[in-house]
Amino acid sequence: MRHLTRSLLLAAAGTTLAAGTLAPAATAAPPDHARGHQDTLRRQAPKDLQIGSAVWGQRDLLGYDRLDPTEHQRVLAREFGSITPENDMKWAEIHPEPGVYHFSGADAIVEFARANNQEVRGHTLLWHSQNPQWVSDAAADWTCEEARDVLEDHVRTVVGRYAGEIYEWDVANEIFQDDWDEGGVRLRTEANPFLAACSEDPVALIGDTFRWAHEADPQARLFLNDYNAEGVNTKTDAYYALAQELLADGVPLHGMGSQGHLSLMYGFDDSMQANFERFAALGLDVAVTEADVRVPIPEGQDGPTPEQVTLHAERHDAMLEACLAVPSCTSFTVWGFPDASSWVPDVFPGEEWATIFTDDLDPKPAYHAMLESLREATPGVSPRSGR
Ligand code: G3I
């Protein structure tokens with residue numbers, strides 16, 4: 001796969017990459033903290049599977065000194081071959097005013113990745129959330145043509161800036177409602193300002209967004225991405241039909257991302273592998289893009305119970321095993337660490353402990369379960385692809 005070639009080239013050539021408009025990269029070998037332990041998630045991963053983590057560049061990577069990293073940066077470099085901007089490439093952060101772009105957080109992500117032989121997943125270009133106020137205000141009066149012009153300019157500017165540096169892009173994020181929403185599973189032609197302006201033919205806009213991204217960076221693999229998109233269900237049925245429609249129309253769609261935001265309040269949907277396999281049968285890559293497993297911890301309970309710790313590990317490992325079982329699964333990304341920086345408690349009060357590292361940056365049993373599965377899956381070679 002393209003990113004495989006590129007990551008092998010990275011390994012061979014140190015960290016020099018086509019610089020584009022970013023600061024020239026250091027050309028030395030990766031720093032010690034990126035080599036470090038032999039036994040790490042990135043080292044145990046099959047050669048055709050990237051193990052990644054989200055990170056907030058603006059918060060965690062500005063001023064990164066490769067010779068004096070923070071402990072969090074040390075773990076990020078040591079354990080992960082791929083990083084995803086948790087927020088830095090979202091509209092509200094990167095394009096806060098009309099014609100005004102703030103690239104510092106995203107640049108920090110790309111430069112950290114270069115320094116540590118990592119790849120970058122771009123996130124995200126078309127979403128109903130974290131749009132800046134100026135988009136929300138303007139969208140009220142947009143014609144579809146005006147919405148398309150704004151979106152195309154953004155896509156070409158952001159994707160173009162990082163062309164050659166991003167191996168997978170979450171182009172369209174959470175574009176379907178959930179089956180419990182009014183009207184059930186259908187495209188978000190109310191909540192998403194761009195789909196709303198083009199509600200007469202939202203699929204045409206989605207397809208063009210992929211075309212613009214592909215023209216801006218022909219190397220990047222372009223994904224749909226959503227939560228509650230792990231197993232075979234009404235939402236993934238809708239994505240499966242949309243994928244077929246886009247592919248039939250020649251849209252450069254390359255993958256389907258399942259976010260993997262699970263909770264111990266619910267069971268595990270063991271149709272995850274079957275869901276991956278049906279998208280793979282369309283010729284698409286699949287990926288787990290934002291894995292975490294939130295744990296309900298009632299007031300007064302001091303942390304998870306031993307049973308919850310075990311289940312937390314089993315759920316992370318079950319998602320990884322579903323990915324390892326399907327050759328087209330190209331990346332498995334956890335949605336940041338440690339728990340203190342997780343989005344979960346803010347959005348799901350009473351649920352926490354979602355990531356695979358403690359706040360002391362110690363690996364949890366979930367980390368060890370994943371490492372064991374990666375170790376069993378390959379001694380550096382994926383039996384799935386025979387390399
Ligand atoms: O940047 C502002 C800052 O200037 C301000 O002072 C501060 C005040 O609270 O807010 C900051 O914005 C925060 C933003 O992250 C940073 O970009 C928002 O409050 C906060 O709500 C927002 O949360 C993010 C969330 O997406 C928004 O929906 C989380 O960090 C992020 O982990 C989460 O990630 C999403 C994926 O992108 C898509 N899949 C679901 C996942 C979880 O919601």
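Since the structure is predicted, the reported quantities are computational estimates derived from the model, not experimental observations. As the structure lists them, so they are numbered: ligands from 1, and atoms in each ligand from 1. Numbers for residues simply follow the sequence, beginning at 1.
- Contact check for Leu311 versus Glu307: no side-chain heavy atoms found under the 4.5 Å cut-off.
- Residues in residues 336-349 take part in these side chain to side chain donor-acceptor pair (under 3.5 Å) pairs, two or more places apart or across chains: Asp292-Trp343, Asp339-Thr355, Asp339-Lys364.
- Tyr367 and Phe357 have tilted rings, their planes meeting at an angle from 30° to 60° on a 0 to 90° scale.
- Listed for the His312 side chain is a donor-acceptor partner under 3.5 Å among the backbone atoms of Ala354.
- Protein neighbours of ligand 1 below 4.0 Å, counting non-hydrogen atoms: Trp56, Glu86, Asn87, Lys90, Glu93, His123, Trp127, Ser129, Gln130, Asn173, Glu174, Gln259, His261, Glu290, Trp335, Trp343.
- Checked against salt bridge (Lys or Arg N to Asp or Glu O under 4.0 Å), Asp208 has the following partners two or more places apart in sequence or in another chain: Arg148, Arg211.
- Checked against salt bridge (Lys or Arg N to Asp or Glu O under 4.0 Å), Arg156 has the following partners two or more places apart in sequence or in another chain: Glu152, Glu215.
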